[in-house]
Amino acid sequence: MKIEQLEFETENGETIAYAAKPDEISPDTKAVILIHEWWGLNENIKNIAQRYADNGFIAIAPDLYRGTIAKDSDKAAKLMNDLAIEDGIDTIKCAIAKGYGSYKISHYGITGYCMGGTYALRAACELDEINAAVPYYGDTPPEEVLKDLSTPVLFISGKKDDWINPEKVAELMADAEKYDLPIESKPYEADHAFANETNLEVYNKEAAEDAWKRTLEFFNNNL
């Protein structure tokens, strides 16, 4: 496995992406864009990128906060709320372009957690370069954005989540049925952020491991 830091320009300034890749890559190597939680591009997200590389993927994790990492929930909430959706999507698009320049891969899967799940689903609706998406307990885009989705999506959620709750997931799936969207839902008996093994208050090992297995299968089948 090799680790790289990719530097690139966006409409609102410079940022970086943490990239992990297998020792050997080819034109057939699959790639994913990994979007961080509201905490920022921290060690947990970097470790997940490395896990993708261990499974044969190139993983590119762009820094939507441009170098800031939150240490508490108040700071994280402010960073997330101050980030315009257009800015985040532009950063993702620029990271994809940088990935093409670095690895000659033009199409990607996308995944993310919490805030990152929100951006993963939104990017799947708006960016042609995304061929598959696995959002983890992220918010859903407006119906007028969602209705044109053509990218296969595996939406992972927790039934005990107070934010992305079962009612919100049901609304998403109702829209999927209404517009015949390629969205599959996989809810778990778990809390929000159940896949974050650094947060032992909510981490659910059984659910997280099953979700990881399904994520890899979904990307391998759709990329």
Side-chain angles (χ1 to χ4, degrees), residues 6 8-18 32-49 59-96 108-127 130 133-146 149 153-158 160-169 171-172 190-204 208 211 215:
L6 306 179
F8 57 96
E9 288 279 352
T10 74
E11 288 186 356
N12 290 297
E14 295 181 352
T15 192
I16 61 98
Y18 180 88
V32 296
I33 301 295
L34 171 61
I35 311 301
H36 57 74
E37 297 172 298
W38 68 346
W39 305 109
L41 183 57
N42 58 15
E43 291 302 314
N44 177 51
I45 297 300
K46 293 177 181 179
N47 289 337
I48 294 172
I60 299 174
D63 185 355
L64 274 59
Y65 290 165
R66 297 182 176 85
T68 302
I69 296 176
K71 300 298 185 182
D72 60 71
S73 57
D74 289 340
K75 177 65 172 179
K78 185 177 189 311
L79 287 168
M80 181 178 70
N81 292 330
D82 287 348
L83 179 64
I85 191 76
E86 297 81 7
D87 185 9
I89 294 298
D90 177 66
T91 299
I92 294 168
K93 186 172 183 177
C94 292
I96 289 171
Y108 294 79
I110 191 167
T111 187
Y113 300 84
C114 180
M115 182 193 84
T118 301
Y119 278 93
L121 183 52
R122 184 70 176 245
C125 294
E126 296 190 7
L127 301 181
I130 302 299
V134 185
Y136 279 66
Y137 34 77
D139 209 350
T140 57
E143 184 175 340
E144 60 269 20
V145 174
L146 185 66
L149 175 73
V153 171
L154 173 61
F155 190 88
I156 291 174
S157 62
K160 300 177 184 178
D161 192 335
D162 291 332
W163 178 39
I164 309 302
N165 53 45
E167 291 78 17
K168 183 166 284 189
V169 177
E171 291 175 4
L172 171 67
D191 291 301
H192 186 75
F194 71 82
N196 187 340
E197 61 185 22
T198 68
N199 186 345
L200 297 182
E201 291 184 4
V202 294
Y203 177 61
N204 184 311
T215 298

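All values reported here derive from a predicted model rather than from experimental measurement.
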List for me each residue that meets side-chain contact (heavy atoms from CB on, under 4.5 Å) alongside [X], sequence neighbours excluded, and say none if there are none.
| X | answer |
| --- | --- |
| Val145 | Arg122, Cys125, Glu126, Pro141, Pro142 |
| Thr91 | Phe8, Thr10, Thr15, Pro62, Leu64, Arg66, Asp87 |
| Asp139 | Thr118, Trp163, Ile164, Lys168 |
| Lys75 | Thr68, Ala70, Asp72, Leu79 |

Are [X] and [Y] close enough that some pair of their side-chain heavy atoms sits under 4.5 Å apart?
| X | Y | value |
| --- | --- | --- |
| His36 | Asp63 | yes |
| Asn196 | Glu37 | yes |
| Asn199 | Asn44 | no |

How about [atom1] on [X], more than 12 heavy atoms from neighbouring residues, nucleotides or ligands closer than 6.0 Å, or not?
| X | atom1 | result |
| --- | --- | --- |
| Glu144 | CD | yes |
| Asn81 | CG | yes |
| Glu9 | CD | yes |

Practice prompt. Would you please classify the geometry between the Phe194 ring and the Tyr136 ring as parallel, tilted or perpendicular, with 30° and 60° separating the classes?
Written response: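 Aromatic pair Tyr136/Phe194 classed tilted.
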Discussion item. My understanding is that only residues two or more places apart in sequence, or in another chain, count here; which of them pass ring-ring contact (aromatic ring centres under 6.0 Å, His included) with Tyr119?
Written reply: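 For Tyr119 there are no ring-ring contact (aromatic ring centres under 6.0 Å, His included) partners, ignoring immediate neighbours.
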Worksheet entry | Heavy-atom donor-acceptor pair, Asp90 side chain to Glu86 backbone, under 3.5 Å |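 Between the backbone of Glu86 and the side chain of Asp90 there is no qualifying donor-acceptor contact (under 3.5 Å).
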Practice prompt. Only pairs at least two apart or in different chains count here, so list each side chain to side chain donor-acceptor pair (under 3.5 Å) that has a residue in residues 108-117.
Written response: none
